[in-house]
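Naming convention: chains lettered A, B, ... in sequence-line order (proteins, then strands); numbering from 1 in each chain.
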There are 4 protein chains.
Amino acid sequence: MEIGFLGLGIMGKAMAMNLLKHGFKVTVWNRTLSKCDELVEHGASMGETPAQVIKKCKYTIAMLSDPCAALSVVFDKDGVLEQICEGKGYIDMSTVDAETSLKINQAITGKGGRFVEGPVSGSKKPAEDGQLIILAAGDKSLFDETVPAFDVLGKKSFYLGQVGNGAKMKLVVNMVMGSMMNAFSEGLVLADKSGLSSDTLLDILDLGAMTNPMFKGKGPSMNKSSYPPAFPLKHQQKDMRLALALGDENAVSMPVAAAANEAFKKARSMGLGDLDFSAVIEAVKFSRE
Amino acid sequence: MEIGFLGLGIMGKAMAMNLLKHGFKVTVWNRTLSKCDELVEHGASMGETPAQVIKKCKYTIAMLSDPCAALSVVFDKDGVLEQICEGKGYIDMSTVDAETSLKINQAITGKGGRFVEGPVSGSKKPAEDGQLIILAAGDKSLFDETVPAFDVLGKKSFYLGQVGNGAKMKLVVNMVMGSMMNAFSEGLVLADKSGLSSDTLLDILDLGAMTNPMFKGKGPSMNKSSYPPAFPLKHQQKDMRLALALGDENAVSMPVAAAANEAFKKARSMGLGDLDFSAVIEAVKFSRE
Amino acid sequence: MEIGFLGLGIMGKAMAMNLLKHGFKVTVWNRTLSKCDELVEHGASMGETPAQVIKKCKYTIAMLSDPCAALSVVFDKDGVLEQICEGKGYIDMSTVDAETSLKINQAITGKGGRFVEGPVSGSKKPAEDGQLIILAAGDKSLFDETVPAFDVLGKKSFYLGQVGNGAKMKLVVNMVMGSMMNAFSEGLVLADKSGLSSDTLLDILDLGAMTNPMFKGKGPSMNKSSYPPAFPLKHQQKDMRLALALGDENAVSMPVAAAANEAFKKARSMGLGDLDFSAVIEAVKFSRE
Amino acid sequence: MEIGFLGLGIMGKAMAMNLLKHGFKVTVWNRTLSKCDELVEHGASMGETPAQVIKKCKYTIAMLSDPCAALSVVFDKDGVLEQICEGKGYIDMSTVDAETSLKINQAITGKGGRFVEGPVSGSKKPAEDGQLIILAAGDKSLFDETVPAFDVLGKKSFYLGQVGNGAKMKLVVNMVMGSMMNAFSEGLVLADKSGLSSDTLLDILDLGAMTNPMFKGKGPSMNKSSYPPAFPLKHQQKDMRLALALGDENAVSMPVAAAANEAFKKARSMGLGDLDFSAVIEAVKFSRE
């Protein structure tokens, strides 16, 4: 199976490499072309522009850094739109909002192409290990044909219906995550200020029905006030805000998420936006006594 | 090792049975004495009153239904206080507030006895399987001597320092649990009202860093609006309230727990107090459109 | 002084009439031209299009129903832009978001015209009585020249600096109002459910430091579950959302406004969006017992 | 009319003086008896003990600093209970919780006496000016007989039914006040951080439907970060907590009050408990950027 791949950042590079390793023929492109070299050494071809890649491949996957880059690769000169046509499929796995996805979908399908959005849950390590979770939505036939690639990139791919649903599902998941992180932070601080050991609290939580990899992974460093950024707080807060906006659209009242969002905003105002989102515990901790 | 055991409710009976099975000599007492029969058939002795049990055994464990019963067994006629004395140890594993624990501690130590509070995390099944988590606090030497019994009753026992800390730690754990349950509920409802499948959300959460037995265990029945009471909502709400009061004492601001508590209160006002605490999702779901 | 006036809805008609009564020469326009008749009977001239009005008058005030209408009057065929030029001033008193205001400002000033946004606080009655509060921002010289008109339309006009500040200030005011309404609602329900008279609470509040026309005006009907829409709940909730977004931009954490916003959303989900915003008390009241 | 008066603190002294000025015969007592001198110069008699005052007077009013003092004056040696009897009335105007009130009521009525609780809204200045608001509850006949005194002490007295209702109503009023103060604080900070003038916001609020003496009185000093304690923040927070507890008892969900309470707790943790409750704005303001 031949696949085009646009965008070789941390995630994209690991994903394209996995496709190569599993016998896919891959044609790569990146804005800074030199980033293609390593992939080429492992057997990839290279395209000079997104349009060239689309022209060459029946299926093209994109993994770009943000909505702006995702739009630019499609709409700019030498972009995807110039070559997309009936018979071709475009799968955008970048994390973008539903609106951006819908805009790209409209343009692609307007030219007769097929479109699937497929944002992922998971970061660098799962990308390297082919253990991403893929939240796909859009053209069902394209999804079905792309499953072999998804099987290499992720441990599980979900088909969620119409375009926009992938983006929405990701917001829901991240909202639950942000609220849980606040619940956890409040617990750790309450233990500590009540004369209990917050390290012991970690042990107790780990033995009970709430045990989960996130508490286990982040708890010990939170107790040491260390927040190396895996998922930056400002991005978590943005996702909380967008999830609340989704709730607003659908008249869902979510007081706990709203309180969590305000805590993330407080943390941002304390200059913690670029740290890991677990740094929200600093907003809970803060006092002057 | 000889152990007295006061209180043979659902939890106490399972615990006493485990002690018997592991070779402890157990003398049991229960307010309704006939409840002792089954234990006696398995080799237990029986005491006519709490005082008799204390007189006979160097160590006595109590597992009573509430603070009121815990106090009554100690302070009433024929109660623990009549026979407790130097050399004897009393371990109360009932779930009571810190104040009740402190009152019992004062009375026991006033007579020269030693006291440990040891509330547990876990309900019927873990009690039967000897898989409880024991949050012990109080007399360290008594704790150390009681470890062999704790090893039979639970998968892990923690020594948390002064009397009251066991009760407090349990509140912290339950507070995290209550907030998490709200985060989960808001996510399920948001998914559903946004045109996504809340069953698929369960699958996605289960594959990621937030996966935990509670979401896994309760999610499917919550999606079916079924809430068989494992831990009644009104008790969860009471623990949230007490945890917030603990935060108040120690000047810890916990906006997410406070929002979760109000959601539990709303659920109570909807007549859901006797259902499982996962029924809080009904307060999130409620609408008229 | 000659003034053009675009938009003769409930507010606009009352405002244009006040200008006439105070001796201004007024040229009116309305999308449905027949609505101009009453004003013409009182001495106004009529323009066939917004462009005609702008051509004729040095100063033109607009009072339109929403951002969409405000944009259309400026940018559409026969719109303001076709005639605006150096020496002319355009004052938009419609309630629009900062973004819409900025877009209009850019277009007007691009043609050499001057622009002031001037959203008002107050509805039908204050408009008729010339008792509006005017939150103006933009071109200072135009503001200064327009003061005689503002003095007729309102009891007070504020100059708030750059374009966008009028819209922002209105959001801040409405946010305080929405939170206060929630505080008031919770108090009334708490009184009632605690066996106290919520009517007596009104009397007590009225005698103390919190007494204000809003509690006085809306309290008695809220106690009767009557919510004739003066300011629809869905608009209040939209303003809360936008105020929270403004806080998000500027990293201001506002947990009370966030909680109030979720209560308004709950009320919307209960089908109360078209009633007065005081109907949020129904979300507080709701219970099944 | 002859009236006993127990407690000559800031409030009590002003109140007793007002009674004297309006022709009442007043017998005063204070723990530090020298504080009675000034009253005696103005014509008051003095009692050596609370019991003496009760013995001498048919009606006795108490105005004590806290629940502890209120209980002590009744139950201690030489206290009210020693002389209270059928035909006598005791009116406690101290600010105490409902439980304390009920305890005093039971003791007084157990001896055949009549009891009214009458906490007040208003502080030093209104006490001096006879402009307090009196929230009375308990024995209706005693209330009716005491009206002439209430008319001198306050601008209005309310009869609220059974003992405890006075205390509860005061909590409801203070809860509304605490939430309003948070709404106001968030508005002032949002204005400031959004590039608007928070002083102008005060002017705008003052002209609209939300205008109230509290915003007017405290706003200007809040904008100068000055918080001279009229009502200490820690007492406001305690009242919020008790009001939330009252809501808990009656299953009233109050998310806005809960969020406000957490803000007051944050302010306490910042060491602001002894400042005026308007200092809660510091918790909203706090940031590191």
Side-chain angles (χ1 to χ4, degrees), chain C residues 121-122 133 135 155-156 158 160-162 165 168-169 171-173 175-180 182-184 186-187 189-191 193-197 200-201 203-205 207-215 217 243 246-247 249-260 262-263 284 287 289, chain D residues 121-122 133 135 155-156 158 160-162 165 168-169 172-173 175-180 182-187 189-191 193-197 200-201 203-205 207-215 217 243 246-247 249-260 262-263 284 287 289:
Chain C
S121 187
I133 302 164
L135 308 177
K155 62 178 162 188
K156 176 92 181 173
F158 292 90
L160 302 170
Q162 65 190 21
N165 283 359
K168 287 177 186 174
M169 186 60 97
L171 288 181
V172 175
V173 169
M175 181 189 84
V176 174
M177 184 166 75
S179 294
M180 262 178 74
N182 270 273
F184 186 47
E186 291 184 359
V189 175
L190 179 58
K193 302 256 179 174
S194 305
L196 305 169
S197 155
T200 303
L201 175 58
D203 291 341
I204 294 170
L205 287 172
L207 288 162
M210 284 176 276
T211 182
N212 66 81
M214 182 172 83
F215 286 6
L246 183 62
E249 252 175 63
N250 298 293
V252 183
S253 177
M254 302 182 293
V256 167
E262 297 308 314
V284 184
S287 70
E289 283 181 330
Chain D
S121 185
I133 302 163
L135 309 176
K155 60 179 161 185
K156 177 93 181 171
F158 293 90
L160 303 170
Q162 67 191 18
N165 282 359
K168 286 177 187 175
M169 186 59 96
V172 176
V173 169
M175 181 189 82
V176 175
M177 184 166 75
S179 294
M180 261 178 74
N182 271 272
F184 187 46
S185 296
E186 292 184 357
V189 176
L190 179 58
K193 302 256 180 174
S194 305
L196 305 169
S197 155
T200 303
L201 176 58
D203 291 341
I204 295 169
L205 287 172
L207 289 163
M210 285 176 274
T211 182
N212 66 80
M214 182 172 83
F215 286 6
L246 183 61
E249 254 174 64
N250 297 293
V252 183
S253 177
M254 301 182 293
V256 167
E262 297 307 315
V284 184
S287 70
E289 285 182 328

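Most heavy-atom pairs under 4.5 Å with chain C, from the set L190(D), V172(D), T200(D): that is L190(D). The candidate with the highest count of non-hydrogen atom pairs below 4.5 Å against chain D, out of N250(C), V252(C), L135(C), D203(C), is N250(C). Highest contact tally toward chain C, considering only Q162(D), M169(D), K156(D), K155(D), is held by M169(D) [criterion: heavy-atom pairs under 4.5 Å]. Between chain D and the options V189(C), V173(C), L205(C), heavy-atom pairs under 4.5 Å are most frequent for V173(C). When each of G187(C), G195(C), A258(C) is checked for heavy-atom pairs under 4.5 Å with chain D, G187(C) comes out on top. Listed options A259(D), S121(D), A260(D) were ranked by heavy-atom pairs under 4.5 angstrom with chain C; first place goes to A259(D).
Here the closest heavy-atom approach between residue P213(C) and residue T211(D) is recorded as CD-O, 3.4 Å. The two atoms that bring A183(D) and V176(C) nearest to each other are O-CG2, 3.8 Å, heavy atoms only. Scanning all heavy atoms of the two residues, the minimum distance from F215(D) to M210(D) falls at CD2-O, 4.3 Å.
For M175(D), the part lying near chain C is the side chain, with the backbone staying farther off; criterion is any non-hydrogen pair under 4.5 Å. For L171(C), no part lies under 4.5 angstrom from a heavy atom of chain D. Interface residue A257(D): backbone and side-chain heavy atoms are both found under 4.5 Å from chain C. Using a 4.5 Å cut-off between heavy atoms, I204(D) touches chain C through backbone and side chain atoms alike. Both the backbone and the side chain of L207(C) come within less than 4.5 Å of a heavy atom in chain D. With a 4.5 Å cut-off on non-hydrogen atoms, S253(D) touches chain C through its backbone but not through its side chain.
Between K193(C) and S287(C) the shortest side-chain heavy-atom distance falls below 4.5 Å. Side-chain contact between L201(D) and L196(D) is absent, with no heavy atoms from C-beta onward closer than 4.5 Å.
Side-chain atoms of N212(C) come within 3.5 Å of backbone atoms of M214(C) as a donor-acceptor pair (strictly under, hydrogens ignored). Using a distance-only test at 3.5 Å, with no hydrogens or angles considered, a donor-acceptor pair links the side chain of N165(D) to the main chain of L160(D). Remark: the backbone N or O of V284(C) is not paired with any side-chain donor or acceptor of E186(C) at under 3.5 angstrom.
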